[in-house]
Chemist: 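Have a look at the structure that comes next, please.
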There are 2 protein chains.
Amino acid sequence: MGASKSEAFSAEQQNLAALAKALAHPARIAIVQHLLQVDSCICGDLVHELPLSQPTISQHLKELKLAGIIKGNIEGSSICYCIHTNQIAPLHTFISQLLNCTATNSTCC
Amino acid sequence: MGASKSEAFSAEQQNLAALAKALAHPARIAIVQHLLQVDSCICGDLVHELPLSQPTISQHLKELKLAGIIKGNIEGSSICYCIHTNQIAPLHTFISQLLNCTATNSTCC
DNA sequence: TTTATATATTGCAATATTACGATAAAACTT
DNA sequence: AAGTTTTATCGTAATATTGCAATATATAAA
């Protein structure tokens, strides 16, 4: 019967999957790339940068924020979103392990 | 009107999102962790390691393979799956950029 | 206070993902 | 050849994600 059996996995596994999921959409990759590029971003820019409506962008921002990949401060009549470095580290470490994986595998693949 | 407007984004953005999506499930994180640990893996192990049925695991393996994160060779009556390092590099590079992002952001967040 | 301007939330339709029973396919064993 | 073992695929139900129009909320400007 259906989706979601995530509870059956460890907190670490769920955390890594959640971080990856936050980046698992081209729009959210684009948002983060834009944040990296302008180095300090007000959300309004994005509505002109991306081929998506304002509500949809707002929703993607919310997901990135929930995952801890960006953070946002109220700034006058707009909101300033920035990269939030800290949370992403575990995913980075995990992927590093994958890249360094070159041991006894050679025997079979 | 619904889901999937991915075509509107660049090939690079779609590629990064696809790689992240492949890791965006606890079961697939668990599979990759197991592959890292045993260093050379036959799928059968996983059915005993994970709280999921054989068809479901086979499906997750297929997705990881499609994303180029693992590769598999036929080996007698079973299949040997291993980490496939090469494809993951772009995602690693991207996340590294996020971690190193500490420039003029400080003014607003 | 009224009017802009900007972001968030709600509600809903379209689509994608997840999970598994049943079944198929492939290769080894006897 | 018949049976065993192992992985893949099909079909389908449950659930999650995506996208946007409409609307709400909040601040700045007039």
Chemist: Decide yes or no, distance alone: a donor-acceptor N/O pair under 3.5 angstrom between the base of D:dA8 and the side-chain of B:Gln59.
Modeler: no
Chemist: Roughly how many Å is it from CG in A:Leu64 to C1' in D:dT17, rounded to a whole number?
Modeler: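 That distance rounds to 14 Å.
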Chemist: Could you state the CG-P distance from B:Leu52 to C:dT17, rounded to the nearest angstrom?
Modeler: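 My rounded result for the distance is 17 Å.
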Chemist: On DNA chain D, check which nucleotide each of B:Lys62 and A:Thr56 is closest to and give me the residue with the more 5' one.
Modeler: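 Upstream on the strand: B:Lys62.
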Chemist: Checking A:Ala18 now: which residues fulfil side chain to side chain contact (heavy atoms under 4.5 Å, CB included) with it, not counting sequence neighbours?
Modeler: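 Counting only residues at least two positions away or on another chain, A:Ala18 forms no side chain to side chain contact (heavy atoms under 4.5 Å, CB included).
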Chemist: Starting at CD of A:Gln97, measure out to CG of B:Leu35 and round the result to the nearest 0.5 Å.
Modeler: 12.5 Å
Chemist: Tell me whether the side-chain N/O atoms of B:His60 come closer than 4.0 Å to OP1 or OP2 in C:dT17.
Modeler: no
Chemist: Can you tell me how far P of D:dT25 sits from CD of A:Gln54, to the nearest Å?
Modeler: 15 Å
Chemist: Could you tell me how far apart A:Leu61 (CG) and C:dA8 (P) are, to the nearest whole angstrom?
Modeler: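 About 7 Å, once rounded to whole Å.
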Chemist: Considering only side-chain heavy atoms of A:Arg28, which listed nucleotide, C:dC20, D:dT18, C:dT18, is closest?
Modeler: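 That would be D:dT18.
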Chemist: A:Leu46 CG to C:dA8 P: how many Å, rounded?
Modeler: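 In whole Å, C:dA8 P and A:Leu46 CG are 10 Å from each other.
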Chemist: So if I take residues 14-27 of chain A and measure heavy-atom distances to DNA chain D, which residues fall below 4.0 Å?
Modeler: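 Contacting residues: A:Lys21, A:His25.
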Chemist: List the residues meeting side chain to side chain contact (heavy atoms under 4.5 Å, CB included) with B:Lys65, not counting sequence neighbours, and say none if there are none.
Modeler: B:Ile70, B:Tyr81
Chemist: Under the rule for ring-ring contact (aromatic ring centres under 6.0 Å, His included), what residues qualify as partners of A:His92, not counting sequence neighbours?
Modeler: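 Listed in chain order: B:His92.
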Chemist: Using whole Å, what does the distance between atom P of nucleotide C:dA8 and atom CG of A:Leu66 come to?
Modeler: 13 Å
Chemist: Run the side chain to side chain contact (heavy atoms under 4.5 Å, CB included) test against A:Pro55 and tell me which residues pass, sequence neighbours left out.
Modeler: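 Partners of A:Pro55 under the side chain to side chain contact (heavy atoms under 4.5 Å, CB included) test: A:Ser53.
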Chemist: Mind checking whether A:His25 and A:His60 have parallel, tilted or perpendicular rings, split at 30° and 60°?
Modeler: tilted
Chemist: Let me check the geometry of the helix from C:dT1-D:dA30 to C:dT30-D:dA1. What is the bend angle between the axes at its two ends, five pairs each, to 10°?
Modeler: 20°
Chemist: If only side-chain N and O atoms of A:Tyr81 are considered, is one of them under 4.0 Å from the OP1 or OP2 phosphate oxygen of C:dA8?
Modeler: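 Yes, A:Tyr81 has a side-chain N/O under 4.0 Å of OP1/OP2 on C:dA8.
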Chemist: Treating A:Arg28 as the side-chain partner and B:Ala17 as the backbone partner, does any N or O pair qualify as donor plus acceptor under 3.5 Å?
Modeler: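 Judged by distance alone, no pair lies under 3.5 Å.
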Chemist: Can you tell me how far apart OG (B:Ser6) and CD1 (A:Ile29) are? Round to the nearest 0.5 Å.
Modeler: 12.0 Å
Chemist: Calculate the interatomic distance between B:Ile57 atom CD1 and D:dT6 atom P; express it in whole Å.
Modeler: 14 Å
Chemist: Picking from A:Ile31, A:Thr85, A:Ile88, A:Leu91, what satisfies side-chain contact (heavy atoms from CB on, under 4.5 Å) with A:Ile69?
Modeler: A:Ile88
Chemist: Take A:Phe9 and A:Lys65, find for each the nucleotide of DNA chain C with the closest heavy atom, and name the residue whose nucleotide sits nearer the 5' end.
Modeler: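 Its nucleotide being nearer the 5' end, the pick is A:Lys65.
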